[in-house]
Novice: 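The structure is given below, and queries will be raised subsequently.
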Amino acid sequence: MSMWLPFRLAWRQLRAERARLFSAIAGVMFACVLVFMQLGFRSALFDSATALPQALHGELFLVHPLTTALFRPESFPRVRAYQTLALPDVSVAVPIYMAQGIWRNPVDGSHRAIQLIGFDTEAGAVSFPGLPPLISALKRPDTIAFDWKSRPEFGPVAALLAERGPFKVQIANREVEIVGTVALGASFGADGNAVMSETNFRRLVTERKAGNADLVALRLRPGADAAAVQQQLTALLPRDVRVVTHDELVAWERNYWETATPIGFIFAFGSLMGLVVGMVIVYQILFADIASHLAEYATLKAMGFSGGYLRLVVMGAAGILAGLGFVPGVLASIGLYDVVAKATLLPLRMDPNRGVLVAGLIFAMCAIAGLLAMRKLRDADPADMF
Amino acid sequence: MPHPVALAGVGFSFGDGALRRPVLRDLNLTVAAGEIVLLTGPSGSGKTTLLTLIGALRAMQEGRCQVLGQELHGAPESARVALRRRIGFIFQNHNLLAFLTARQNVAMSLELHPDFGDESKRMAAAGKVLEQVGLADFAEVVPAKLSGGQRQRVAVARALVASPGLILADEPTAALDRQSGHDVVHLMRDLAKKSGMPILLVTHDPRILDVADRIVSMEDGRIVG
């Protein structure tokens, strides 16, 4: 007896009750969309939170050991950057400065905190899309490049730039000129970003010690062994800095958002709720299908169909519902990702791995519902049929 | 050759301890090959329980019960499931699957049969049996669109299609009018006689006693005549 026959019976049974079938599919689709959105937000959060470290070019970085996340770094003596140059394998050391400044919206005058990022723009250790053509303009006093992926509350900067060319805005009570835009992205830690040269950063952020940096990017000579240099630097430098690779820097930032905030848990919990609701709906439908066909199922048992055959019918129905709900669910999620990404400027998009994960979760959800509903089959007792 | 059904000293009780209520006591019965036996008796006389034991739908308690060569006393569930595949059951209600056509319902019986491995064979055999019960024109119709008598004839076709060694029927005419009931049992008799299948039929219905080769009456869990 092939597996196909109980599967076919399951499909014929589901097909016969259109209204029930569609409500079940809607339930699975709902769970599917909910899980996709939750996981999408979660991953967008981590992607956007790590956009800054991702954009930094450098084989090794120096950070303060107490820095928990890059949007609020602990600073350390800038001289550590130059000390690394003692090693022949280190070719460039670029200190990076970060601070929050108050931005005045050029249209309505409202205030909002923006992340200021200053570094030696000519060193090539840090590059954001759009930055290279702006490098010479950024050398002028009081100039910045604005991150056009910042939240819209900062004002329609990109549109204004296109309309009237470079114009002046106020940051931290100082007038600066926007000479162009770069692409970095709003994150949960920073609503927007402004990129500028080291000197212009000093002009804007006056209250901090000039000799302190927040992060140092190191470029190594071609062919240098990053792990060996990392070890040497760790041994040489004082304990006020940690030497990390690019991957470690990204992982450090990601780890902060995953563990030190409840955000990761919230999204996991949201996904779980979606799955529970979907499971209850599928269970109800499968249970109702069994309950309304008890006499027929008992007859099948009397005819010599094994309990295993009937269990396969129930699991087949669960599998069909999972498949029929997942396909529209994934399509709806792709559309919603697009809408939400435009509204929030978070990097939200369908990822094949996530698709596979959610497919697995949806099928598991339906399988559990099937296993629970299956217990009702025990009530189909052929001895009661006569 | 042994009888298709041979019962000796069969006893059965429901409940435990003080609530124990015997429904069959020291019962002996044989059905010969090709024989049509009607089982009658008042409600509660144990007819239906006896039928469920012979049909391997219940585990035996006492006595010996050989059905189609299988001893049922102490038989495991798997042996009982296997035996059921060789028995054709007809119930008081047709219990057809509402979402399948008459032909698909009949073909379901053959899914368990090793000789009917592919769908075209099953559908062809089902069509042939439906023709024999006079429903050739209704093969592609769902049960909801058939009359009560027609549904019961589909159920008869379903019971017969796999050429079982024994037919067990429980009040097959109870839900039918006089003419339909008469037609259904006569159809059962004709088809069974053709292939030598014995039938054990429980009934209250005096209108169908004429199809029997032998009538067995039960009372208080015993055969009285």
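Proteins come first, then strands; the chains are lettered A, B, ... in the order of their sequence lines, and each starts at number 1.
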Novice: To the nearest 0.5 angstrom, please state how far the CG atom of A:Leu300 sits from the CZ atom of B:Phe89.
Specialist: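 It comes to 12.5 Å.
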Novice: Please examine the side chains of B:Glu111 and A:Phe305, heavy atoms only from C-beta on, and report whether any two atoms are closer than 4.5 Å.
Specialist: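 Yes, close enough: below the 4.5 Å cut-off.
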Novice: Going from CZ on B:Phe91 to OG1 on A:Thr299, what distance comes out if it is rounded to the nearest 0.5 angstrom?
Specialist: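 Result: 5.0 Å between the selected atoms.
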Novice: Side chain, backbone, both or neither: which part of B:Leu97 has a heavy atom under 4.5 Å from chain A?
Specialist: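 For B:Leu97, the contact with chain A is made by backbone and side chain together.
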Novice: Looking at A:Arg375, I'd like to know if its CZ atom is crowded, meaning that more than 12 non-hydrogen atoms belonging to other residues, nucleotides or ligands lie closer than 6.0 Å.
Specialist: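 No, CZ of A:Arg375 has 12 or fewer neighbouring heavy atoms, counting only those of other groups under 6.0 Å.
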Novice: Under 4.5 Å heavy-atom distance to chain A, tell me which part of B:Glu77 shows up: side chain, backbone, both or neither.
Specialist: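 Contact with chain A involves no heavy atom of B:Glu77 at all.
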Novice: Look at atom CZ of B:Phe14 and say whether more than 12 heavy atoms of other residues, nucleotides or ligands are closer to it than 6.0 Å.
Specialist: yes
Novice: Between B:Arg80 and chain A, with a heavy-atom cut-off of 4.5 Å, which part of the residue counts as in contact: side chain, backbone, both or neither?
Specialist: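 Contact with chain A is absent: no heavy atom of B:Arg80 under 4.5 Å.
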Novice: Between B:Gln104, B:His94, B:Lys47, which has the largest tally of heavy atom pairs under 4.5 Å with chain A?
Specialist: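 The candidate making the most pairs under 4.5 Å is B:Gln104.
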Novice: For the CZ atom of B:Phe99 and the CD atom of A:Glu17, what is their distance to the nearest 0.5 Å?
Specialist: 9.5 Å
Novice: Mark yes when over 12 heavy atoms from residues, nucleotides or ligands other than B:Arg207 sit less than 6.0 Å from its CZ; otherwise mark no.
Specialist: yes
Novice: Going by heavy atoms in the side chains, are A:His293 and B:Asn95 under 4.5 Å from each other?
Specialist: no
Novice: For A:Arg12 versus B:Leu100, what's the shortest heavy-atom pair and its separation?
Specialist: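 Nearest heavy atoms, A:Arg12 then B:Leu100: CD-CD2, 3.4 Å.
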Novice: Taking the side chain as C-beta and beyond, is there a heavy-atom pair between A:Pro382 and B:Arg58 under 4.5 Å?
Specialist: no
Novice: What part of B:Glu171 lies closer than 4.5 angstrom to a heavy atom of chain A: side chain, backbone, both or neither?
Specialist: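 Interface part for B:Glu171: neither.
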Novice: Check each atom of A:Leu9 against the heavy atoms of chain B and say whether the ones under 4.5 Å are side chain, backbone, both or neither.
Specialist: both
Novice: If you look at every heavy atom in B:Leu57 and A:Ala383, which pair is closest and at what distance?
Specialist: O-CB, 3.6 Å
Novice: CE of B:Met108 to CE of A:Met303: how many Å apart, nearest 0.5 Å?
Specialist: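 Spacing of CE (B:Met108) from CE (A:Met303) equals 6.0 Å.
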Novice: Would one find more than 12 heavy atoms of other residues, nucleotides or ligands at under 6.0 Å from atom CG of B:Asp115?
Specialist: yes
